[in-house]
Amino acid sequence: MGEFNNLKLEVADEIAVLSISRPAALNALNSETLDELNVALTEIEARDDIKVVILTGGPDKKDNAFKSFVAGADIAEMVNFTAAEARKFGMKASVPFFKLMNMRQVTIAAVNGFALGGGCEIAMACDIRIASENASFGQPETGLGIIPGFGGTQRLARLVGMGRAKEMIFTCDSIDAAEAYRIGLVNKVVAKEELMDTAKAMAKKICSKGSYAISVAKAAINNGYDMDIKNAVEMEANLFGVACSTHDKTEGMTAFLERRAADLTDF
Ligand code: CO8
């Protein structure tokens, strides 16, 4: 795997843990980090031995504590952006963000602290979000005179509804993990020390299912989300047909009928 300045990648037991690590800036996303994310996710996607990616924030510089997931896009880099540079930066981010959303593997954000601006946005690009109790979420961009530009105006409204998304974006108020859970922004909240174990336990459960079937289900959910229900259900039927062409379908159903554990081989 590639060498990274701002990322740490560990792979074990079919699970990749990808930590965003810029301790001097609370893991804020600069251009280099976005490029590295793109490289890392491309490499991960090509690996058959990885089924789930857990995205998290590395430790901060002062006390080696984990207080930030990602504190946003890098304000120091953006301060002098021209309109063209800002657009380029946004488009650069959209490549790894769409990878997280659409890649074959399941992506879980383990949100271990500040998830602000681009940090909230990258968590929302993942399939599933698990937060530690100290996590906080917010879109503070309008207070900086800008708007969310890594998909936040779109993904937040889709996840929590337009009214709550507008409130968060217009007031810049952060919400804590409990409130994020209440409004459906995160799937689960756990104690800080249990975060990675919880994310890995969920990842392990996902790894035990048919990973090809999961990748097809993920495509069905993503592709159908913005379609009308009639076409979406037809698209699902087509993908159901694809899933039925696999060894795993024969093995999974036969094992059920023979009352034994299925030996899924992921194709
Ligand atoms: N960018 C750059 N540096 C940052 C960022 C950031 N987003 N966040 C924190 N840092 C740096 C600080 O400048 C500080 O550096 P130094 O020690 O050299 O002074 C260091 O990290 C530690 O930060 P603090 O001392 O501020 O730590 P605190 O614990 O006091 O506060 C906060 C933590 C509350 C998270 C605070 O740092 C903060 O408010 N950060 C900014 C949060 C923010 O506004 N995020 C949104 C940024 S805008 C954005 O994400 C837009 C995305 C879309 C862009 C699309 C472009 C097309």
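In each ligand, atom 1 is the first atom listed, and ligand 1 is the first ligand listed.
- Under a 4.0 Å criterion applied to the non-hydrogen atoms of Leu116, ligand 1 contributes the atoms 35 (C), 42 (C).
- Less than 4.0 angstrom separates some heavy atom of Phe89 from each of these atoms of ligand 1: 56 (C).
- Proximity to Asp74 (heavy-atom distance under 4.0 Å) selects the following atoms of ligand 1: 1 (N), 2 (C).
- When all heavy atoms of Pro140 and Cys172 are compared, the pair lying nearest together is O-SG, 3.6 Å.
- At least one N/O-N/O distance between Gly118 and ligand 1 falls below 3.5 Å.
- With a 4.0 Å heavy-atom cut-off, ligand 1 is reached by the side chain of Ala28 but not by its N, CA, C or O.
- Residue-level proximity to ligand 1 for Phe114 is carried by the side chain, the only part with a heavy atom below 4.0 angstrom.
- Below 4.0 Å from some heavy atom of Ala86 lie the following atoms of ligand 1, by number and element: 57 (C).
- When heavy-atom distances to ligand 1 are checked against a 4.0 Å cut-off, Leu144 comes that close only through its side chain, counted from C-beta outward.
- Some N or O of Ala73 is nearer than 3.5 Å to an N or O of ligand 1, by distance alone.
- Polar contact check, Gly72 against ligand 1: no nitrogen or oxygen pair lies under 3.5 Å apart.
- Those atoms of ligand 1 that come under 4.0 Å of a heavy atom in Lys67, given as number and element, are 29 (O).
- Between Cys207 and Asp13 the shortest side-chain heavy-atom distance does not fall below 4.5 Å.
- Using 4.0 Å as the threshold, Ala24 has a heavy atom nearer than that to some atom of ligand 1.
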* To do: Please report the C-alpha distance between Lys218 and Met103 in whole Å, then the side-chain angles of each, then the deciding distance to 0.1 Å, and finally whether the side chain to side chain contact (heavy atoms under 4.5 Å, CB included) criterion is met.
  => CA-CA 9 Å; Lys218 176 168 166 170; Met103 67 197 290; 4.1 Å; yes
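- With distances taken over non-hydrogen atoms, the option nearest atom 53 (C) of ligand 1 out of Ala83, Gly151, Gly149 is Gly149.
- The closest donor-acceptor contact from the side chain of Ser132 to the backbone of Leu195 lies at 3.5 Å or more, if one exists at all.
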* Apply side chain to side chain contact (heavy atoms under 4.5 Å, CB included) to Met124 and Leu185, showing your working. => CA-CA 8 Å; Met124 291 192 292; Leu185 183 52; 3.9 Å; yes
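- Phe98 carries Arg155 over the face of its six-membered ring, with the cationic atom under 6.0 Å from the centre and within 45° of the normal.
- You'll find the side chain of Ile15 stays beyond 4.5 Å of the side chain of Glu10, heavy atoms only.
- Ring centers of Phe150 and Phe97: under 6.0 Å apart, within the cut-off.
- For the pair Val70 and Phe114, the minimum side-chain heavy-atom distance is 4.5 Å or more.
- Under a 3.5 Å cut-off, the side chain of Asp176 and the backbone N or O of Ser136 do not form any donor-acceptor pair.
- No donor-acceptor pair under 3.5 Å is formed between the side chain of Arg22 and the backbone N or O of Asn6.
- Close approach of ligand 1 to Gly90 is summarised as follows: ligand atoms under 4.0 Å from at least one heavy atom of the residue are 57 (C).
- No N or O atom of Glu121 sits closer than 3.5 Å to an N or O atom of ligand 1.
- The proximity of Glu77 to ligand 1, defined as any non-hydrogen pair under 4.0 Å, does not occur for either the backbone or the side chain.
- At least one N or O atom of Ala71, backbone or side chain, sits closer than 3.5 Å to an N or O atom of ligand 1.
- Within 6.0 Å of CZ in Phe81 there are more than 12 heavy atoms belonging to other residues, nucleotides or ligands.
- Residue-level proximity to ligand 1 for Met78 is carried by the side chain, the only part with a heavy atom below 4.0 angstrom.
- At a 4.0 Å heavy-atom cut-off, ligand 1 does not touch Ser68 at all.
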